[in-house]
Engineer: 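Structure provided below as structure tokens; questions to follow.
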Amino acid sequence: MAVKSLIFSFVAFVLLAVSAKNGSAQSPSQRKPDVSNKALITKSTPGISSDAFKNQSANTTDALRRMADDYYAWRNENYPVRSSEAGLHTWDDRLTDYSSAKIAERTQHVHSLLEKVRAMKTDNWPKNDRIDWILFRAQLENIDFGDRILKFERTNPQVYVRECTDGIFSLLKKEYDTPRKRALAATARLKEMPALLKQGLSNLQGAVKLYAQLAIQSARSIDPLLNKSLMALDVGLAPNEHDDLIKARDAALTAVHSYADELEKRLPKMVDFAPMGEANYNYYLKHVLLLPLDATQVEMIGRAELARYRALEALLPDPKLADPDPKRAAHIPPDQESFLKAYESREAEMISFLKEHNLVSLPDYLGPFQIRQLPEAFKPTSPGGFMNPPGVYDKDPTGFFFIPTYNPESKNFYIRAAIEDPRPILGHEGIPGHFLQLSIANHLGDEIRRQHDDSVFIEGWALYGEEMLVRTGLYPNNSPAQGQILRLSRYRAARIGVDVNLHTGRWSFEQAVKYFMDAGGLDREAAEGEAAGAASSPTQKISYITGKWQIMNLLGGYKDQQGDNFRLGQFHDDLIKNGSLPVSVVEWILLDDPSSLQQVAK
């Protein structure tokens, strides 16, 4: 997925018991959203209108949608790099303001809005409106949790390096405007980087050593992004504009490396790691992810699935099939360009298989899905690469998967797997996985649902798709591709143990790395990257197996409910047409069963 990032009681969820008068909800309109919404491109940040709270008894659902629209517009302007990443290029010449005053202002703004949303009386609302209230509240809970508990502006030096790398990368990855205009935006952002990094060092009063080490690695890997990739935009610039770009780039590079040097000096005084603790972890599972599970239950799912996939590896006629080996490949690409083209070319056969077996509908608006080389600056926390889907505001429907630099002798699991048979990872990242699902989510007509990006559903769907393609016959029995699917599921199961135990404070980072190697079957390079990713993005690593487990459970209930009318492809269409919503919410939509959400309320 994309590389990015996350004590009130849910007593009101008790009201989710559905009376007969509510009936089954229909999916919201699937119309193409108008991403040119003027509220998104205003030059002044809108506040949350007090009028939204007048006459609530008569107009509360409208008030909810006005608050949500105002919030998204406020967020988009306050986080300009995030907006660029999402395909909204109104503020491409700015970086986020991380001054202490602005951080405090944003924190208060979100918390105040969350309190107002919590206070809304929704028990008499129609089902679809109640679902949107639940989702919008979870979105705000996510931001509020980060502000109250994680406090990454104070603890995580990666925040400021990523603002720099993403600030430039978001201008490069798509040709949404002329090279000159994008170069001028890059120049403006480069000029802001020295002050941003200086402010970052001032903010980092509780920096965590692990995060700082990752930030140092990323900072010292930024040169190719600025010296090579960025300079592709140096086309059609006037001499003074060119000189301005070069001067700003050089000053930014100096500032980034100085930032890394200063972090290195501070390392001895930093705490090794700062887990959030089990109570906070459980709060996040319930209030943000809307999971009817606590940390202990999630870990148990991980243990059960890990045991299952390790055993299935052992049951292969040759268990070595689960460990990718390029020597078994019919053809080994000679260079990076050939490797990327060979990887991308396999998508066509996967699409043909899906269509032939009526496994999922592919909408006409799907754009191309391309394979690109992973920029070095992103390697420390994304050793296997990452998916960059079309943004929620993107007019260009193209999606990308960024894969590590090609080396036929590499020991990296992901490179070896891509050489031997790229289809399992391609299916996860492309079609029917992330690219398809997120492209559909971007076209929802309900803005609150279109904005929701539940990682458990997103990763669960992509992982579910891997095994679904095995069981529907894409990969032959006892083939390297089938073995690869088992190993991929095995280490995704291992991710749960790492995530839960790291962030509840039970394990050290080295224990997490060792668990990935011993239980997950990864090489040390991949294991260190996986553990770093888990540490940097709390709860993200539980998403894969937990989401797949929830979707499998939903599939069984859907099949029983449909009876003789059941068709697997229809289930897939019905599932992903709702966007990236928590499975507990999708169960209420598809099966008219709110029991999982009621469990969250307890």
Engineer: Do we see a donor-acceptor contact under 3.5 Å between the side chains of Tyr79 and Arg106?
Structural biologist: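 Result is yes, a qualifying pair exists.
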Engineer: Check the surroundings of atom CD in Glu510: do more than 12 heavy atoms from other residues, nucleotides or ligands lie under 6.0 Å from it?
Structural biologist: yes
Engineer: Can you check whether Leu171's main-chain N or O pairs, donor with acceptor, with Arg182's side chain at less than 3.5 Å?
Structural biologist: yes
Engineer: Please check this pair: side chain of Asn282 against backbone of Ala295, looking for a donor-acceptor N/O pair closer than 3.5 Å.
Structural biologist: yes
Engineer: State, yes or no, whether a side-chain contact exists between Leu253 and Asn227 at a heavy-atom distance under 4.5 Å.
Structural biologist: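 Touching, per the 4.5 Å side-chain cut-off.
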Engineer: Is the backbone of Gly497 close enough, under 3.5 Å, to the side chain of Asn501 for a donor and an acceptor to pair up by distance?
Structural biologist: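 It does hold such a pair.
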Engineer: Does the side chain of Asn412 pick up a donor-acceptor pair with the side chain of Ser410 at under 3.5 Å?
Structural biologist: no
Engineer: Using 30° and 60° as the class boundaries, would you call the ring planes of Tyr281 and His503 parallel, tilted or perpendicular?
Structural biologist: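 Because their plane-to-plane angle is under 30°, the rings of Tyr281 and His503 count as parallel.
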Engineer: Are the charged groups of Arg137 and Glu141 less than 4.0 angstrom apart, N to O?
Structural biologist: no
Engineer: Compute whether any side-chain donor of one residue and acceptor of the other, for Gln437 and Ser580, lie under 3.5 angstrom apart.
Structural biologist: yes
Engineer: Any heavy-atom pair between the side chains of Asp453 and Val392 that's under 4.5 Å?
Structural biologist: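 Of all side-chain heavy-atom pairs linking Asp453 with Val392, none is under 4.5 Å.
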Engineer: Is Arg524 close enough and on-axis enough to Phe516, meaning under 6.0 Å and within 45°, for cation-pi?
Structural biologist: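 No; the conditions do not both hold, so Arg524 does not lie above the ring face of Phe516.
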Engineer: Could you walk me through whether Lys247 and Asp243 pass salt bridge (charged side-chain N to carboxylate O under 4.0 Å, His left out), step by step?
Structural biologist: CA-CA 6 Å; Lys247 182 178 178 181; Asp243 293 345; over 6 Å; no
Engineer: Between the side chains of Arg75 and Gln451, does any donor sit under 3.5 Å from an acceptor?
Structural biologist: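 Gln451 and Arg75 do have a side-chain donor-acceptor pair below 3.5 Å.
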Engineer: Is a side-chain donor or acceptor of Arg372 paired with a backbone partner of Phe401 at a separation under 3.5 angstrom?
Structural biologist: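 It does not hold such a pair.
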Engineer: Is it true that Asp523 and Arg416 have a side-chain N and a carboxylate O under 4.0 angstrom from each other?
Structural biologist: yes
Engineer: Is there a donor-acceptor contact under 3.5 Å linking the side chains of His434 and Glu459?
Structural biologist: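 Per modelled atom types, His434 and Glu459 side chains form a pair under 3.5 Å.
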Engineer: Examine the side chains of Ser170 and Arg189 and answer whether a donor and an acceptor come within less than 3.5 Å of each other.
Structural biologist: yes
Engineer: Before giving the answer on side chain to side chain contact (heavy atoms under 4.5 Å, CB included), spell out for Leu230 and Leu245 the whole-Å C-alpha distance, their side-chain angles and the decisive distance to 0.1 Å.
Structural biologist: CA-CA 10 Å; Leu230 171 62; Leu245 172 63; 4.2 Å; yes
Engineer: For a quick test of reading the model, state the closest non-hydrogen atom pair linking Glu344 to Ile371 and the distance between them.
Structural biologist: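 The pair with the smallest heavy-atom distance is OE1-N, 3.0 Å.
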Engineer: Rounded to the nearest 0.5 Å, how far apart are NE2 of His287 and CG of Leu140?
Structural biologist: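 If we round to the nearest 0.5 Å, His287:NE2 and Leu140:CG are 14.0 Å apart.
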Engineer: Are Leu201 and Tyr259 side-chain neighbours, meaning at least one heavy-atom pair lies under 4.5 Å?
Structural biologist: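 Yes. Closest side-chain heavy atoms under 4.5 Å.
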Engineer: I need the minimum non-hydrogen distance between Lys541 and Gly533, along with the two atoms involved.
Structural biologist: CE-C, 3.8 Å
Engineer: Could Arg220 and Asp261 be called an ion pair, given the rule that one side-chain N must be under 4.0 Å from one carboxylate O?
Structural biologist: yes
Engineer: Between Tyr406 and Ile415, what is the shortest heavy-atom contact and its length?
Structural biologist: CA-CD1, 4.4 Å
Engineer: Would you check if Lys209 and Val271 make a side-chain contact, meaning some heavy-atom pair closer than 4.5 Å?
Structural biologist: no
Engineer: Has Gln158 got a side-chain atom pairing as donor or acceptor with Ala215's backbone, closer than 3.5 angstrom?
Structural biologist: no
Engineer: Are the side chain of Ser112 and the backbone of Gln108 linked by a donor-acceptor contact shorter than 3.5 Å?
Structural biologist: no
Engineer: Please name the pair of heavy atoms, one in Tyr343 and one in Leu426, separated by the smallest distance, quoted to 0.1 Å.
Structural biologist: O-CD2, 3.4 Å
Engineer: Mind checking whether Tyr284 and Asn280 have side chains closer than 4.5 Å, heavy atoms only?
Structural biologist: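 No, their side chains stay 4.5 Å or more apart.
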Engineer: Could you tell me how the ring of Phe386 sits relative to the ring of Phe169: parallel (under 30°), tilted (30 to 60°) or perpendicular (over 60°)?
Structural biologist: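 Answer is perpendicular, since the angle exceeds 60°.
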Engineer: Any luck finding a side-chain donor-acceptor pair between Thr96 and Glu163 under 3.5 Å?
Structural biologist: yes
Engineer: Drop me the distance from Leu340's CG to Ser345's OG, to the nearest 0.5 angstrom.
Structural biologist: 11.0 Å
Engineer: Counting distance only, does the side-chain N/O of Asp499 pair as donor-acceptor with the main-chain N or O of Thr539 below 3.5 Å?
Structural biologist: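 Such a contact is found between Asp499 side chain and Thr539 backbone.
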Engineer: Does Lys174 NZ have over 12 foreign heavy atoms under 6.0 Å away?
Structural biologist: yes
Engineer: More than 12 non-hydrogen atoms from neighbouring residues, nucleotides or ligands closer than 6.0 Å to CD on Glu175, yes or no?
Structural biologist: no
Engineer: Are the side chains of His452 and Gln139 in touch, meaning some heavy atoms are under 4.5 Å apart?
Structural biologist: yes
Engineer: Would you please classify the geometry between the Phe145 ring and the Tyr283 ring as parallel, tilted or perpendicular, with 30° and 60° separating the classes?
Structural biologist: parallel
Engineer: State whether a side-chain donor-acceptor pair under 3.5 Å links Asn78 with His109.
Structural biologist: no
Engineer: State whether the side chain of Thr155 and the backbone N or O of Leu150 hold a donor-acceptor pair below 3.5 Å, judged by distance alone.
Structural biologist: yes
Engineer: How far does CG of Leu204 sit from CG of Leu263, to the nearest 0.5 angstrom?
Structural biologist: 7.0 Å
Engineer: Keeping Arg449 on the side-chain end and Leu444 on the backbone end, is there a donor-acceptor pair under 3.5 Å?
Structural biologist: no
Engineer: Nearest heavy-atom pair of His242 and Asp234: which atoms, and what distance?
Structural biologist: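 Here His242 and Asp234 meet closest at ND1-OD2, 2.7 Å.
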Engineer: Between atom CD1 of Ile448 and atom CE of Met67, what is the distance when rounded to the nearest 0.5 Å?
Structural biologist: 8.5 Å
Engineer: Below 4.0 angstrom, N of the basic side chain to O of the carboxylate: do Glu105 and Lys102 qualify?
Structural biologist: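 So Glu105 pairs with Lys102 through a salt bridge.
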Engineer: Can you tell me how far the OG1 atom of Thr398 sits from the OH atom of Tyr176, to the nearest 0.5 Å?
Structural biologist: 15.0 Å
Engineer: Less than 3.5 Å apart, any donor N or O on the side chain of Tyr515 or Glu530 sitting next to an acceptor on the other?
Structural biologist: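 Their side chains do not contain a donor-acceptor pair, so the 3.5 Å distance test is not met.
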Engineer: So do Glu85 and Lys173 actually touch side chain to side chain, heavy atoms under 4.5 Å?
Structural biologist: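 They are in side-chain contact.
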Engineer: Which of these, Pro582, Ser543, Ser455, sits in a side-chain contact (heavy atoms from CB on, under 4.5 Å) with Leu289?
Structural biologist: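 It is Ser455, the one option of Pro582, Ser543, Ser455 that forms the side-chain contact (heavy atoms from CB on, under 4.5 Å) with Leu289.
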Engineer: Strictly below 4.0 Å, N to O, side chains only: are Arg450 and Glu447 in salt-bridge contact?
Structural biologist: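 The answer is yes: the pair qualifies as a salt bridge.
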Engineer: Under a plain distance cut-off of 3.5 Å, with no hydrogens placed, do Gln217 and Gln213 share a side-chain donor-acceptor pair?
Structural biologist: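 Their side chains do not contain a donor-acceptor pair, so the 3.5 Å distance test is not met.
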Engineer: Would you say the side-chain atoms of Ser83 pair up with the backbone N or O of Asn76, donor to acceptor, closer than 3.5 Å?
Structural biologist: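 Answer holds: yes.
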Engineer: Side chain to side chain donor-acceptor pair (under 3.5 Å) between Asp177 and His89: does it pass, once the steps are laid out?
Structural biologist: CA-CA 9 Å; Asp177 208 333; His89 296 287; over 6 Å; no
Engineer: Looking only at side chains, do Asp147 and His111 share a donor and an acceptor under 3.5 Å apart?
Structural biologist: no
Engineer: For residues Thr187 and Asp244, is any side-chain donor paired with an opposing acceptor at under 3.5 Å?
Structural biologist: no
Engineer: Tyr160 and Tyr98: ring-ring contact (aromatic ring centres under 6.0 Å, His included), yes or no, with the steps?
Structural biologist: CA-CA 9 Å; Tyr160 305 103; Tyr98 281 106; 5.2 Å; yes
Engineer: Measuring only between side-chain heavy atoms, which start at C-beta, is Leu366 closer than 4.5 Å to Phe435?
Structural biologist: yes
Engineer: Give me the ring orientation class for Tyr211 and Phe152: parallel if the planes are under 30° apart, tilted from 30 to 60°, perpendicular past 60°.
Structural biologist: perpendicular
Engineer: Could you pull out the closest heavy-atom pair between Asp144 and Val110, with the gap in Å?
Structural biologist: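 Where Asp144 meets Val110 most closely, the heavy atoms are N-CG1, 4.1 Å.
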